[in-house]
Amino acid sequence: MYEDTKTKALNNLDIKIENGEFVFIVGSSGAGKSTLLKLMMREEVPTSGSININGYDLNNMKKREIPYFRRSLGIVFQDFRLIQTMNVYDNVAYAMRVIGAREGAIRKRVPYLLGLVGLNSKARSKPNQLSGGEQQRVALARALANNASMIIADEPTGNIDPKMSYEIVDLLNHINSDGTTVIMVTHDLHLVKTFNHRVITIKNGVIESDYPDASHIEAEPYTFESPEDEIGSYFLNEDTSDFEYLMETYGIDPTKDTIEAETPVSAEEEVDAQ
């Protein structure tokens, strides 16, 4: 409940998301989707009930613990939230530097991530030199920088065209297939239908429905003019949709690519890289 207005943004929600799931959260504007994400990111605290994510009790979390909890998440926003004075490489690297990662690990992982999202050629560009789709891919690479076990995406395709929207969610889908939990808020029911994962619908602050797939969604899946158009452009070899191609190209197994941290940045010193 928001005390200033006495408004209950959410009421009696009971949601359990298993590790490795891909979940779409849908609903009209004002339904409570954004409030749910704020609760999950610990930007808001519930007035009743409890929230547990990645082993953290969000209700009883101390303020100094919040930055460390958020490091277990990868967060992708609709408005990108890139640092305009930094180039693409440094925007991604910053997410690692803020946790004290060694420069050697950064130099290895950032090119891998930029290759993953097809932006190695844009490494030295500033955000204002990129298209909206390219900026969103930088934001996604940054969210992946620290091997987060969960990706939270808040309308990540809201400011880009359908083809790029497909590519962003296609990449999230590949990341999910490797075991990362993905929770995505979206208004785009065509995307939901296309990728056919669990769908939670929120209406007026309550769960209206929770289906294991998108079979109930009355929308047509995205189709493109030719089969080649369905292959994400982030794959450097456009003749294949094999995700392992990228792993082999960059010589890094992301399941073994651990980050060696130096002395962690304190909660007081940390600037939120998300």
Side-chain angles (χ1 to χ4, degrees), residues 10 13-37 40 73-80 116-118 131-137 139-140 143-144 150-235 238 240-243:
L10 298 170
L13 263 68
D14 186 3
I15 299 174
K16 183 176 182 179
I17 297 173
E18 301 290 348
N19 291 336
E21 276 197 90
F22 192 128
V23 180
F24 288 113
I25 299 176
V26 302
S28 59
S29 296
K33 305 185 303 297
S34 294
T35 299
L36 177 59
L37 291 192
M40 293 177 65
L73 308 175
I75 303 173
V76 186
F77 298 99
Q78 179 178 352
D79 56 357
F80 319 136
L116 188 67
V117 299
S131 68
E134 288 170 336
Q135 290 185 65
Q136 190 58 287
R137 284 186 279 164
L140 180 55
L144 298 171
M150 177 185 294
I151 301 294
I152 295 177
D154 185 7
E155 293 280 3
T157 63
N159 291 326
I160 53 181
D161 61 58
K163 178 63 165 57
M164 185 57 66
S165 297
Y166 177 96
E167 293 184 354
I168 292 293
V169 183
D170 191 33
L171 180 52
L172 286 171
N173 198 49
H174 281 291
I175 293 164
N176 170 254
S177 70
D178 197 41
T180 302
T181 306
V182 176
I183 301 170
M184 176 175 162
V185 166
T186 184
H187 281 99
D188 192 336
L189 297 183
H190 301 286
L191 277 176
V192 174
K193 191 74 170 185
T194 301
F195 290 93
N196 198 36
H197 291 294
R198 179 182 174 187
V199 184
I200 296 174
T201 303
I202 298 178
K203 183 176 182 180
N204 297 325
V206 300
I207 296 177
E208 182 180 49
S209 63
D210 185 348
Y211 286 90
D213 56 40
S215 58
H216 64 292
I217 297 293
E218 295 182 0
E220 292 298 319
Y222 279 124
T223 56
F224 300 99
E225 292 181 0
S226 65
E228 288 78 13
D229 286 340
E230 297 189 19
I231 298 174
S233 65
Y234 49 83
F235 290 108
E238 295 183 354
T240 179
S241 59
D242 185 1
F243 187 64

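Both backbone and side-chain heavy atoms feed into the values below; hydrogens, waters and symmetry mates do not. Computed from a prediction, not measured in an experiment: that's the story for all the values here.
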**Study point:** Evaluation steps, side-chain contact (heavy atoms from CB on, under 4.5 Å), between D188 and Y222
**Key:** CA-CA 10 Å; D188 192 336; Y222 279 124; 2.6 Å; yes
Review point. Given the rule in the side-chain contact (heavy atoms from CB on, under 4.5 Å) test, do L140 and L172 qualify, once you have shown the distances and angles that lead to the verdict?
Key: CA-CA 9 Å; L140 180 55; L172 286 171; 3.7 Å; yes
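The side-chain hydrogen bond (donor to acceptor under 3.5 Å, both in side chains) search around N176 returns none, not counting sequence neighbours. Residues forming a side-chain hydrogen bond (donor to acceptor under 3.5 Å, both in side chains) with D79 (at least two apart in sequence, or on another chain): R81. By the side-chain hydrogen bond (donor to acceptor under 3.5 Å, both in side chains) test, S215 is found to be paired with D213, residues two or more places apart in sequence or in another chain being considered. Partners of S34 by side-chain hydrogen bond (donor to acceptor under 3.5 Å, both in side chains), not counting sequence neighbours: none found. With sequence neighbours excluded, no residue satisfies salt bridge (charged side-chain N to carboxylate O under 4.0 Å, His left out) with E220. Q78 meets the side-chain contact (heavy atoms from CB on, under 4.5 Å) test with E155, N159; sequence neighbours excluded.
Judged by distance alone, with hydrogens and angles left aside, the side-chain atoms of N196 form a donor-acceptor pair with the main-chain N or O of A214 at under 3.5 Å. Side chain of T201 to main chain of E208: no donor-acceptor pair is present (N/O by atom type, distance under 3.5 Å, no hydrogens or angles).
To the nearest 0.5 Å, atom CD1 of residue I15 and atom CG of residue D210 are 7.5 Å apart. From K193, atom NZ reaches atom NE2 of H216 across 8.5 Å, with rounding to the nearest 0.5 Å. Going from atom CG of N173 over to atom CD1 of I168 covers 13.0 Å, rounded to the nearest 0.5 Å. Atoms CG and CD1, on L36 and I183 in that order, are 8.0 Å from each other to the nearest 0.5 Å. Note that OG of S165 and NE2 of H190 are 11.0 Å apart. Values are rounded to the nearest 0.5 Å. Here I217 contributes atom CD1 and S209 contributes atom OG; the two are 7.0 Å apart, rounded to the nearest 0.5 Å.
Across K33 and V185, no two heavy atoms sit closer than the pair CE-CG1, 3.6 Å. Nearest heavy atoms, A139 versus F80: CB-O, 3.9 Å. Nearest approach of G118 to R137, heavy atoms of both residues: O-NH1, 4.0 Å.
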Side-chain donor-acceptor pairs of residues 17-28 under 3.5 Å, sequence neighbours excluded:
| unit_1 | atom_1 | unit_2 | atom_2 | d |
| --- | --- | --- | --- | --- |
| E21 | OE1 | R198 | NH1 | 3.3 |
| E21 | OE2 | E18 | N | 2.7 |
| E21 | OE2 | R198 | NH1 | 3.0 |

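Of the candidates V76, I151, I152, T157, M184 forms a side chain to side chain contact (heavy atoms under 4.5 Å, CB included) with just one, namely T157.
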